[in-house]
Amino acid sequence: MCIRDSDRPMILYPIKTLVDSGITDIVIITGGYYAGEYLKLLGDGKEYGITNLQYVYQRKPRGGIADALSSVSYTHLDVYKRQIGAISF
């Protein structure tokens with residue numbers, strides 16, 4: 001279940017910000033029971049202007065965003081262009 005704000009899932013706001021800024025390679029780090037909802041909503045990301053969308057499933061979140069980023073290989077992160085949005089369920 002993606003959290004909604006009005007008629008749009010909230011995850012679309014940071015994605016739009018990234019895409020409007022020219023960042024179209026995006027990694028979604030998720031976990032828990034509703035992780036598949038992001039895949040259903042975003043698919044391959046093309047509909048939202050994303051050229052390369054990858055998903056990482058975090059099995060046991062322990063340390064918040066820092067722990068989540070440790071599960072992503074650094075080849076996926078662009079150290080010069082990064083926006084991190086944390087949405088809690």
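Just the heavy atoms: all of them, side chains too, but no hydrogens, waters or symmetry mates, feed the values below. Predicted model only: the values in this text are computed from it and were never measured. Note that the numbering runs from 1 along the sequence shown for the chain.
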A.B. asks: Taking side chain to side chain contact (heavy atoms under 4.5 Å, CB included) as the definition, give me every residue that meets it alongside N52, ordered by chain and number, with sequence neighbours left out.
C.D. replies: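 Testing N52 for side chain to side chain contact (heavy atoms under 4.5 Å, CB included), a comparison that skips the adjacent residues, returns D25, Q54.
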A.B. asks: What's the shortest heavy-atom distance between Y38 and Y55, and which atoms?
C.D. replies: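 That would be O-OH, 3.5 Å.
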A.B. asks: For K46 and T51, which heavy atoms make the closest approach, and how far apart are they?
C.D. replies: NZ-O, 2.8 Å
A.B. asks: How far does OH of Y48 sit from CD1 of I11, to the nearest 0.5 angstrom?
C.D. replies: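 With rounding to 0.5 Å, OH (Y48) is 10.0 Å from CD1 (I11).
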A.B. asks: Let me see the working for L12 and L42 under side-chain contact (heavy atoms from CB on, under 4.5 Å), right down to the final yes or no.
C.D. replies: CA-CA 9 Å; L12 296 181; L42 301 171; 3.8 Å; yes
A.B. asks: Just checking K16: does its NZ atom have more than 12 heavy atoms from other residues, nucleotides or ligands closer to it than 6.0 angstrom?
C.D. replies: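 No, the 6.0 Å shell around NZ holds no more than 12 heavy atoms from other groups.
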A.B. asks: Check whether any side-chain heavy atom of L53 sits under 4.5 Å from a side-chain heavy atom of D44, and report yes or no.
C.D. replies: no
A.B. asks: Look up atom OH in Y57 and atom CD1 in I28, then write down how far apart they are to the nearest 0.5 Å.
C.D. replies: 15.5 Å
A.B. asks: Within this structure, what is the OG1-CD1 distance for the pair T24 and I26, rounded to the nearest 0.5 Å?
C.D. replies: 7.5 Å
